[in-house]
Amino acid sequence: MLDTTSFAILPSQEKMKGEPKLHVGAVTSFAWNDNMLSGINEKGEFLVYFADRKIPRIIVNPFGKVSTAASIAVSLEQSPQAASFQESTDHLKVSCGSIAVDIDKSTFRIRIYHGQQIIFQTASPSVLYKNSGEVFLDAQMEPEDVFYGFGEKTGFLNKRGSKLSMWNTDVYAPHNKDTVELYQSIPFFISHNKKNSYGLFFDNTFRTEFDTQTYSNKYRISASGGQIDIYLLAGDDLKEITKLYSDLTGKMSLPPKWAIGYHQSRYSYRSEQEVLDVANRFKQDGIPLDCIFFDIHYMNDYRVFTFDHDQFPQPRNLISSLLNDGIKVVPIVDPGVKKDVHYPVYIDGVRKGFFCKYLDGQIYHGDVWPGTSAFPDFMNTEARKWWGGLHQFYTDLGIEGIWNDMNEPSVFNESKTMDLDVMHDLDGELRSHLEMHNTYGLYMSKATAEGLAELNPDKRPFVLTRAGYAGIQRYAAVWTGDNRSHWEHLEMSLPMIMNLGMSGVAFTGADVGGFSSDCTPELLIRWTQVGAFMPYFRNHSVQDSIRQEPWVFGEATAEIVKKYIKLRYKWLPYLYSLFHESSQTGVPLVRPLVMEYPDDEKTFNISDQFLFGCNVLIAPILRPGVSHRSVYLPQGTWYDYRTKETYEGGKHILIEATLDMLPIFIKEGTILPLGSDIQNTTESQSLELEVYPGKKGEFSLYEDDGCSYGYKKGQYSIRKIQAEMNDGCMMVNVHSVGESKWNSPIEKVKVIGFKGEVKLNFLSHD
Ligand code: MIG
């Protein structure tokens with residue numbers, strides 16, 4: 001309460017944190033062994049090696065021996081790459097290919113070279129500490145540097161000039177610029193300017209902070225404990241850096257197709273009848289729907305792995321009748337297990353010792369929805385297996401996806417989370433919650449995803465999570481938590497999603513329409529237009545707020561909302577191919593313009609436009625009463641998707657976008673595979689190719705069965721579609737690779753702005 005009134009700024013409340021004064025000092029000795037440079041400083045120790053050819057890892061521990069154990073974030077099998085070592089009077093240098101790490105022996109200044117160019121250098125002193133256990137790394141910052149990444153943060157695209165910290169927090173209060181901690185902690189960023197860029201992953205699970213605000217020529221990263229453990233990603237450009245980051249922390253696995261359709265949720269649909277009514281309304285109104293969510297009211301007194309028998313007496317029938325209509329169900333599963341000696345999950349967890357405990361063995365209990373609850377210790381492999389196995393309760397009913405909420409973990413108390421002296425059991429090694437807090441949600445998603453994969457061995461699981469740490473993309477999609485039906489939150493969702501994408505998390509979305517507060521017809525329309533082009537597309541809202549299903553605001557609004565949900569499905573073949581690409585490369589589907597135009601300074605802080613793949617530009621309306629907006633088109637020729645008018649890029653244009661219009665621009669040379677109307681992804685689509693003539697058009701269309709792991713055994717098709725003008729005739733060549741049985745029929749080819757002859761040419765199959 002006190003921090004919400006002026007009392008919070010009483011002079012007596014002011015806390016001066018104080019600058020760290022101690023630093024690790026000069027190198028006193030070193031050794032080069034097995035491609036690793038290890039050394040001792042006046043205080044503490046360090047280690048340098050190449051985790052991958054373009055990823056030097058530098059560890060500095062001011063308090064003693066360095067630990068090479070990586071956190072759960074890192075999935076790369078690390079063995080030090082072959083590297084060479086050179087010592088000179090003042091310097092130590094480890095080189096791998098064109099990348100080198102150079103350490104000044106006397107100042108311990110660290111420089112990273114890419115060829116002749118210094119791409120990163122620490123300040124001097126470089127590594128500082130406090131005896132309380134805090135560690136700091138100061139690095140040089142040039143006036144023109146901009147910063148991206150940092151996972152799920154509020155504010156605009158470029159994060160320079162902020163102090164961002166990482167501590168997974170359930171924030172129901174309206175998210176704004178000062179909300180620096182949200183549900184996800186991804187201590188990774190990209191520094192970029194016209195000449196060079198690099199990524200920096202700080203693998204420290206304690207509370208970390210990134211300060212690009214306080215000092216004019218340096219930034220500071222710090223942690224409340226642990227060691228300085230950084231991986232420098234020396235990619236050539238933003239795309240390669242994101243790719244390297246995903247080589248290090250893992251890629252998303254290809255989601256089932258139903259997970260990328262339209263999802264409808266509400267906190268909560270409170271009975272079987274209500275669920276059926278909602279599903280039927282979609283069908284009756286011809287609005288596509290792939291999935292409906294069960295929020296916490298489906299349970300018996302919020303006990304996970306149960307149903308409320310009064311409101312949901314026949315879940316099996318309910319779910320199978322929805323499945324008959326092609327609609328999946330995703331229930332919520334929170335980590336809190338009700339303390340109840342008549343509840344098998346609680347009894348089992350206690351008896352097997354799978355709940356989080358204090359050092360003395362006492363179980364930690366905290367208050368959440370079910371009342372006093374215990375929390376599974378997901379950091380323990382056996383506990384994870386147990387929890388994963390419990391999902392048989394759902395999979396037996398035909399459920400293939402799970403929604404993990406409250407997994408920061410959120411607890412209803414002053415600290416908002418579990419006691420920091422709870423000790424997690426990492427398979428025998430005890431670690432405090434203070435250290436492991438930020439990873440709890442990731443471990444929970446891992447338990448869930450692995451459990452589902454085991455129970456449904458032939459079906460790709462879908463897990464949606466609120467909390468996570470770096471690497472979360474390997475297990476779950478992320479929605480951005482409790483936003484509000486505020487225009488500002490619609491606006492903020494764009495840079496938040498783009499920065500998550502640059503932080504390795506490509507499968508993301510914000511609650512369409514806004515979660516809490518009351519939506520309006522206009523906001524629902526504008527938000528649905530954006531949602532249709534976001535990786536994850538779910539409409540969700542809080543209890544007691546105005547309803548937000550597509551039809552609630554009357555026919556005129558429903559028509560437009562429906563139009564954009566249908567547009568999502570029309571673009572599905574294109575979107576699914578992007579998902580496939582992203583699962584292979586780690587490059588996000590939704591990207592900021594700067595990712596494709598890294599030399600164009602005008603793109604560096606564009607927060608209100610995004611690219612959907614490399615050649616489609618979305619410029620939504622983000623304010624009420626607005627029917628025009630300026631759009632920045634980067635160099636090249638762009639087509640307005642709606643009018644097919646062309647524009648020369650490299651400048652701003654003013655375009656019209658009345659309520660039913662979403663400005664979409666397609667770059668010349670794009671081939672868009674668009675699908676026929678469907679009610680959901682259980683139906684198949686035929687294709688129409690839209691060719692936007694340009695130098696050389698090309699698209700790789702990926703298809704498979706949309707649900708199984710068959711694609712890993714070669715059961716997929718990729719059709720390389722190319723368009724080129726030949727003697728006044730437009731040749732559209734389709735070259736297929738893989739199993740043609742997955743090929744959806746191409747029924748039409750439309751070449752934009754072209755009246756001549758079009759030839760569709762199927763090239764022989766490899
Ligand atoms: O404290 O399960 O962010 O999406 O509807 C509320 C109820 C707990 C928070 C989630 C929200 C969900 C809600 N949950």
Side-chain angles (χ1 to χ4, degrees), residues 152 154 168-175 179 181-184 263-270 274-275 278 291-308 311-312 329-338 366-371 373 375 394 401-413 415-418 440-441 444-445 448 462-468 472 476-486 489 492-493 496 500 508-519 527 531 534 536-549:
E152 181 187 60
T154 58
N168 289 3
T169 310
D170 171 4
V171 187
Y172 183 68
H175 307 163
T179 316
E181 288 160 355
L182 281 168
Y183 317 89
Q184 299 270 331
H263 292 187
Q264 183 64 52
S265 184
R266 171 81 178 173
Y267 172 20
S268 307
Y269 295 125
R270 288 183 178 239
E274 196 180 358
V275 171
V278 169
C291 179
I292 196 158
F293 275 67
F294 289 0
D295 205 330
I296 52 176
H297 290 96
Y298 78 85
M299 294 179 266
N300 170 16
D301 235 352
Y302 311 120
R303 288 174 184 83
V304 284
F305 310 104
T306 69
F307 275 94
D308 173 342
Q311 299 304 321
F312 289 82
V329 163
V330 168
I332 196 167
V333 176
D334 291 349
V337 173
K338 187 177 178 65
D367 246 27
V368 268
W369 299 122
S373 303
F375 297 80
Y394 300 111
I402 295 290
W403 173 21
N404 285 158
D405 184 24
M406 303 291 281
N407 52 347
E408 292 71 30
S410 175
V411 182
F412 304 150
N413 62 24
S415 78
K416 297 174 120 193
T417 194
M418 194 178 279
Y440 189 82
M444 182 184 191
S445 297
T448 308
F462 170 65
V463 179
L464 182 66
T465 185
R466 195 169 71 176
I472 186 64
V478 169
W479 101 100
T480 57
D482 294 344
N483 62 1
R484 302 208 167 197
S485 300
H486 295 179
H489 281 190
M492 196 166 72
S493 70
M496 193 182 277
L500 269 164
T508 50
D511 282 344
V512 168
F515 175 66
S516 70
S517 189
D518 292 323
C519 195
W527 213 319
M534 281 292 163
Y536 184 59
F537 187 21
R538 182 183 74 156
N539 172 315
H540 180 50
S541 57
V542 69
Q543 59 183 359
D544 301 328
S545 66
I546 215 166
R547 299 291 292 232
Q548 219 164 266
E549 289 81 8

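Every number for a ligand or one of its atoms is a count from 1 in the order of the listing.
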message = Measuring from non-hydrogen atoms of Phe294 to any atom of ligand 1, is the shortest distance under 4.0 Å?
response = no
query = Is Arg266 close to Ser545 at the side-chain level, that is, under 4.5 Å between some pair of heavy atoms?
reply = yes
request  = Report yes if some heavy atom in the side chain of His263 is under 4.5 Å from a heavy atom in the side chain of Trp479; otherwise report no.
outcome  = no
key: Short N-O contact, Asp308 and Arg270, less than 4.0 angstrom   = no
Under 3.5 Å, N or O to N or O, is [X] touching ligand 1 that way?
X	answer
Asp295	yes
His540	yes
Asp511	no
Arg466	yes

request  = Mark up the atoms of ligand 1 that fall under 4.0 Å of a heavy atom belonging to Trp479, in ascending order.
outcome  = 3 (O), 4 (O), 10 (C)
inquiry  = With heavy-atom distances below 4.0 Å as the criterion, list the atoms of ligand 1 near Ile332.
reply    = 2 (O)
ask   = When you look at Tyr172 and Phe515, which way does the side-chain contact (heavy atoms from CB on, under 4.5 Å) test go after all the steps?
value = CA-CA 10 Å; Tyr172 183 68; Phe515 175 66; 3.9 Å; yes
ask   = Hey, is Phe412 touching ligand 1 through its side chain, its backbone, both or neither, going by heavy atoms under 4.0 Å?
value = neither
inquiry  = Is a donor from one side chain sitting under 3.5 angstrom from an acceptor on the other, for Asn407 and Thr465?
reply    = yes
key: Side-chain H-bond candidate by donor/acceptor type, Ser410 with Asp170, under 3.5 Å   = yes
request  = Give the single entry among Phe293, Tyr172, Trp369 that approaches atom 6 (C) of ligand 1 most closely by any heavy atom.
outcome  = Trp369
inquiry  = Please compare Val171, Val542, Asp482, Asn483 and report which has the shortest non-hydrogen distance to atom 3 (O) of ligand 1.
reply    = Asp482
query = Given the rule in the side-chain contact (heavy atoms from CB on, under 4.5 Å) test, do Thr508 and Met496 qualify, once you have shown the distances and angles that lead to the verdict?
reply = CA-CA 10 Å; Thr508 50; Met496 193 182 277; over 6 Å; no
query = According to the interplanar angle, ranging from 0 to 90°, do the rings of Tyr302 and Trp369 count as parallel (below 30°), tilted (30 to 60°) or perpendicular (above 60°)?
reply = tilted
ask   = At what distance is the nearest protein heavy atom to atom 13 (C) of ligand 1, and which residue and atom is it?
value = Asp405 OD2, 3.6 Å
